[in-house]
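Note on naming: letters A, B, ... go to the chains in the order of the sequence lines (proteins, then strands), and numbering restarts at 1 for each one.
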There are 2 protein chains.
Amino acid sequence: MSIASPTLSASAPEAAARTAAAPTQCSNCHLRELCLPCGMDGNAVERLDSLKFSRRRVKAGTSLYREGDRFQFIYAVRSGTFKTSLELADGREQVGGFHLGGELMGLDGVAQGRHASSACALEDAEICAIPYALLAEMSAGAPGMQHMLSRLMSREIVREHSLMLLLGSMNAEERLAAFLLNLSQRLKARGYSPSEFHLRMSRAEIGSYLGMTLETVSRTFSSFQQQGLLEVDKRHIRIADMQRLADALAMPVH
Amino acid sequence: MSIASPTLSASAPEAAARTAAAPTQCSNCHLRELCLPCGMDGNAVERLDSLKFSRRRVKAGTSLYREGDRFQFIYAVRSGTFKTSLELADGREQVGGFHLGGELMGLDGVAQGRHASSACALEDAEICAIPYALLAEMSAGAPGMQHMLSRLMSREIVREHSLMLLLGSMNAEERLAAFLLNLSQRLKARGYSPSEFHLRMSRAEIGSYLGMTLETVSRTFSSFQQQGLLEVDKRHIRIADMQRLADALAMPVH
DNA sequence: CGGGATATTGAGGGATGTCAAGGTAGGTGG
DNA sequence: CCACCTACCTTGACATCCCTCAATATCCCG
């Protein structure tokens, strides 16, 4: 609960400088197929370009926003990995998700006008800050754009459904298998290897996300390795048998 | 699993008849402070009225929609109680939420154009079917309306956050206490007693929602009764000590 | 080189799941 | 109206998964 790490300010000089140097445009972003513009027509993407989203670097371990902060922006990850989390009454944290390039954060702030969770960079990262008010204003005249926004929010609801399912009715092995397979697919969609990757999050963060202790996460990794499903070296993971890992999900041991 | 219970059709003759007899208007609905119109100005509510939502009765145990059905409507509960759920690979169900009067269901369908969960009435109920396409079309010209829709979806995301927290880091007593306190507040907001009510859902459904077995739910009810927090008679609940029940949440036993 | 964060592994215990038996309420048909 | 049936709830005994506590190893960084 490091109170030290400050929320970055939108008006930081370096952010302004960067924006001037390299205006951020969705139309030629390498993540356009995954991110906000996904499914939009050229016309709509041009409108997005006109907003000239500001870009910001976020250092590893730094918060992008915190629970209770005033909601102004939604954020798209350009590079790096984030976690979003809630703080419990007793100070522990509950991780709500991990976010890779092209994924959006902050949509939970629309409801109350304040962020309902915190977002923290797990490695040095870069984001686009999208002013929600402008986005809403613009989509008033553009039905397709508004629908896109609704779809994105709905997608977040569906994502949380599956997490709920995971937390509500799976054992430790199923949970970790589900986590790894989901991560593998998302990495693949971003052009990385689906079978070999480096985890950006600690065992404790994985455990919090999956509703188990860091020791159980560690033991389950070891167990998967002994079963020949994975090769694990700290945070470096190789999925040795994707099929059997998927089976661990579909066929509960019960 | 009962393939028998049919999804109701929007074109059921009785539904059409009812609509003609009593056109549904948000502006004089007794739930307007809790439901869709909440926070809208008079102008916007009039626009809602012009849509003339169709009303539908749903018998206890009947599905309103099912996972995979084409998404056309979002539904507002007028009376009765619903559960929403997902089906697991092995046939078990995972309950995702319970819905009282004034609450909306089906927003998870926007993402894919298909419903991502099923909704089933726990008692005889009545709903408003809100054609999503019309709603989206109308809100294109009305910024306030569109913002309302976004807020509602965001609220759903926040709701699932708290469920995630509950499933990820609470023990059986904390979970049941959280469930009862939440239900109590929602009943109070609807003009019912917050301290004495009838549960519309079975122990198994509560257990699925909270990520525990029906036996543990039953035992935890008994334990609360022995501690003097509740009086329990099957589905009839009286909260005898609201404060200590709330304490069970804030001060984990750990 | 030292210190802190992170990961692994073991031992033991406790919370919760599983299996089983019995009770109660409500609906249905004779 | 009663008998029966089914669904639901409660409770007990036991098993087991996972948490807790603890020791050690490893890595990274100053």
(message) My understanding is that only residues two or more places apart in sequence, or in another chain, count here; which of them pass side chain to side chain donor-acceptor pair (under 3.5 Å) with A/Gln226?
(response) none
(message) Among residues 196-206 of chain A, which ones have heavy-atom contacts with DNA chain D below 4.0 Å?
(response) none
(message) Before we go on, tell me: are the rings of B/Phe71 and B/Tyr65 under 6.0 Å apart, centre to centre?
(response) no
Check the interface with nucleotides 2-5 of chain C: list each N/O to N/O pair with the protein under 3.5 Å, or write none.
none

(request) Looking at every strand, decide which applies to B/Gly211 at a 4.0 Å heavy-atom threshold: base, sugar-phosphate, or nothing. (result) sugar-phosphate
(message) Centroid separation under 6.0 Å, is that true for the rings of A/Phe82 and A/Phe98?
(response) no
(request) Kindly say if A/Ser218 contacts the phosphate of C/dA7, meaning a side-chain N or O under 4.0 Å from OP1 or OP2. (result) no
(message) With salt bridge (charged side-chain N to carboxylate O under 4.0 Å, His left out) as the rule and sequence neighbours excluded, what pairs involving residues 185-198 of chain B come up?
(response) B/Glu103-B/Arg186, B/Glu103-B/Arg190
(message) Between C1' on D/dC17 and CE on A/Met170, what's the gap in Å once rounded to a whole number?
(response) 17 Å
(request) Flag the pair A/Lys83 and A/Glu93 as a salt bridge only when some basic side-chain nitrogen lies within less than 4.0 angstrom of an acidic carboxylate oxygen. (result) yes
(message) Could you check whether the side chain of A/Glu215 and the base of D/dC18 have a donor-acceptor pair of N or O atoms closer than 3.5 Å, going by distance alone?
(response) no
(request) Round to the nearest Å and state the distance from A/Arg92 atom CZ to D/dC19 atom C1'. (result) 12 Å
(message) Heavy-atom count check: over 12 atoms from other residues, nucleotides or ligands less than 6.0 Å from A/Tyr192 OH?
(response) no
(message) Tell me the interatomic distance from A/Asn171, atom CG, to D/dC19, atom P, rounded to whole angstroms.
(response) 11 Å
(request) Let me know the distance between CE of B/Met212 and C1' of C/dT18, rounded to the nearest Å. (result) 15 Å
(message) With a 4.0 Å cut-off on N to O distance, would you call A/Glu126 and A/Arg56 a salt bridge?
(response) no
(request) For the side chain of A/Arg219, starting at C-beta, report the closest nucleotide among C/dT18, C/dT9, C/dT8. (result) C/dT9
(request) Report the distance from atom CG of A/Leu122 to atom C1' of C/dT6, rounded to the nearest whole Å. (result) 14 Å
(request) Measure from CG on A/Leu214 to C1' on D/dC18 and round the result to the nearest Å. (result) 13 Å
(message) If the condition is side chain to side chain donor-acceptor pair (under 3.5 Å), which residues does A/Thr220 pass it with, not counting sequence neighbours?
(response) none
(request) Could you identify which residues of residues 220-239 of chain B place a heavy atom less than 4.0 Å from some atom of DNA chain D, listed by residue number, or say none? (result) B/Ser222, B/Lys234, B/Arg235
(request) Would you check if B/Leu104 and B/His99 make a side-chain contact, meaning some heavy-atom pair closer than 4.5 Å? (result) no
(request) Consider only side-chain N and O atoms of B/Ser63 and B/Arg66, and report whether a donor and an acceptor are under 3.5 Å apart. (result) yes
(request) Would you please classify the geometry between the B/His198 ring and the B/His236 ring as parallel, tilted or perpendicular, with 30° and 60° separating the classes? (result) tilted
(request) For B/Val217 and for A/Thr213, find the nucleotide of DNA chain D with the closest heavy atom, then tell me which residue's nucleotide is more 5'. (result) B/Val217
